[in-house]
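We number each residue from 1, following the sequence as shown. Treat the numbers as computed from the prediction; the structure is a model and nothing was measured.
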Amino acid sequence: MTDPTFDPILEVRRPRAVRLFAPITPPKRGTALVLEPREGEPVVVDADGRVPDAWLGNYVRSWVVDLADHEVGFSEALPAEDPDLLFDAYVRGTCRVDSPVQVVRRRVRDAAATVRPALAGFLREIAAGYDIGDYADAEADLNAQLAYFTADPALHIGPCRVRLRIDPAVRGRAAHPRGRIRLGQMHRGALGRLLASGDPALAAQLLASVDAGRLPTMPRAAHAMGVLEPEPVGAAMRERLIAHLRRTSGNAGNH
C-alpha cells in the first residue's frame, strides 16, 4: 500500500497570444488559476475572480491548482534517546495548498514529499528526548507538539497524527552490537520481574517470543537467582526457567 499524497497541479496550458474566440475563463470552485506572464509577477484568479486580459494577455503558461484538503502520510524512523534504537512512526494528516504561486514557482507535484523533510526533522528532535521504553509518552508528546508545526510556505498541514506502530515501538539496528545489547537488556528486565512473580504462564508467553540468539548473556543472571546452572542457552534455557517457575508456583500453592 502506497502512502497517501496528491499532486496540487491539475492542469498546465500554453495560452495562445490572441484568444478572441476562446478567452481564458476563471477556474472551477475549489481551484485557483495561476497565469504566468512573460515578465512580472504571476497573476492568481479564484473561482469568483476576473481574468485580466483574458482575450489578449501575453501569458506564457496557465496553471490550475487544487485548493481542496487531501490526505497525506508517510513512514519515518525516529531516533530514540539511545540513537542505536528507533521508533517506527507513521504520520498521517490533511494537507492543502496555502500559496498557489509558490506551488507553481517550485513546481510542487507531490505534496507528501514536499512537507516530509521539515516535518520528519521536527519529529526527530522530539523523539530523541525519549527512552525507547517510553514509547507511549513519546507518541503523546509528538502529537501534542504537532499543533505548533508550520509545514511549508506553499502547503498547509491540517489535523495531523503520529502513530508509533510497533509495540513496544522499537526497531533495533540489527547490525549494531549496542542495539542488540539494549534489546537483550529489555528482555532480561522483563524476565527478572517474571522470575520474582513466579508466574509460569506469563514466563512461557514471554520466553516464546525471545530470540534464542539473545539468550546466551542471560544464564549468569538466572544462575545468581538460584534458577539453573550457567550452561544452558536458547530453547533449553527456556524449558529450565519455565519448569522452575512451575515448581515455585506449585510449592507456594501448597502452603
Side-chain angles (χ1 to χ4, degrees), residues 1-5 69 71-95 112-113 115-152 156-215 217-218 221-222 225 238 241-242 245:
M1 181 178 177
T2 58
D3 291 331
T5 187
D69 285 332
E71 186 179 42
V72 294
F74 58 88
S75 298
E76 189 72 21
L78 305 178
E81 188 176 42
D82 180 346
D84 296 313
L85 296 174
L86 302 172
F87 293 110
D88 191 8
Y90 185 53
V91 184
R92 185 182 290 266
T94 60
C95 180
V115 301
R116 178 174 182 167
L119 181 51
F122 178 80
L123 297 174
R124 279 195 293 269
E125 290 186 6
I126 299 169
Y130 284 89
D131 184 84
I132 198 67
D134 298 329
Y135 60 93
D137 291 338
E139 183 178 86
D141 194 17
L142 288 168
N143 284 298
Q145 295 298 325
L146 275 173
Y148 304 100
F149 176 74
T150 302
D152 185 275
H156 171 77
I157 287 285
C160 190
R161 182 162 185 81
V162 179
R163 183 162 57 95
L164 299 182
R165 298 189 298 175
I166 297 176
D167 189 9
V170 59
R171 183 176 67 193
R173 293 175 181 167
H176 198 294
R178 286 181 60 195
R180 291 196 300 271
I181 290 171
R182 179 62 193 277
L183 287 171
Q185 290 171 343
M186 291 171 66
H187 282 296
R188 286 197 293 276
L191 283 171
R193 290 190 293 274
L194 286 172
L195 286 168
S197 70
D199 188 330
L202 287 176
Q205 182 178 357
L206 178 63
L207 289 169
S209 67
V210 176
D211 184 352
R214 296 183 186 139
L215 290 174
T217 58
M218 297 171 60
M225 299 176 191
R238 290 192 186 98
L241 281 169
I242 294 170
L245 288 170

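Contact record, Ala127 with Phe87: O-CE1, 3.7 Å, taken as the closest heavy-atom pair. Of all the heavy atoms in Gly73 and Ala112, the pair that sits closest is O-CB, 4.2 Å. The shortest heavy-atom contact between Tyr90 and Phe74 is CD1-O, 3.1 Å. When all heavy atoms of Ala89 and Leu78 are compared, the pair lying nearest together is CB-CD1, 3.7 Å. Nearest approach of Leu86 to Ile132, heavy atoms of both residues: O-CD1, 3.8 Å. Residues Cys160 and Asn143 come closest through the heavy atom pair O-OD1, 4.3 Å.
Residues Ile157 and Val72 form a side-chain contact, since some pair of their non-hydrogen atoms from C-beta on lies under 4.5 Å apart.
Atoms CZ and CD, from Arg116 and Glu76 in turn, are 4.5 Å apart once rounded to the nearest 0.5 Å. Here the CZ atom belonging to Arg124 is positioned 9.5 Å from the CG atom belonging to Leu119, to the nearest 0.5 angstrom.
Not counting sequence neighbours, the partners of Gln145 by the side-chain hydrogen bond (donor to acceptor under 3.5 Å, both in side chains) test are Asp141. In this view, Arg161 satisfies the salt bridge (charged side-chain N to carboxylate O under 4.0 Å, His left out) rule with no residue, not counting sequence neighbours. Residues satisfying the salt bridge (charged side-chain N to carboxylate O under 4.0 Å, His left out) criterion with Glu71, sequence neighbours excluded, are Arg92.
Remark: of the listed residues Asp69, Leu146, Thr94, Thr94 is the sole one forming a side chain to side chain contact (heavy atoms under 4.5 Å, CB included) with Pro159.
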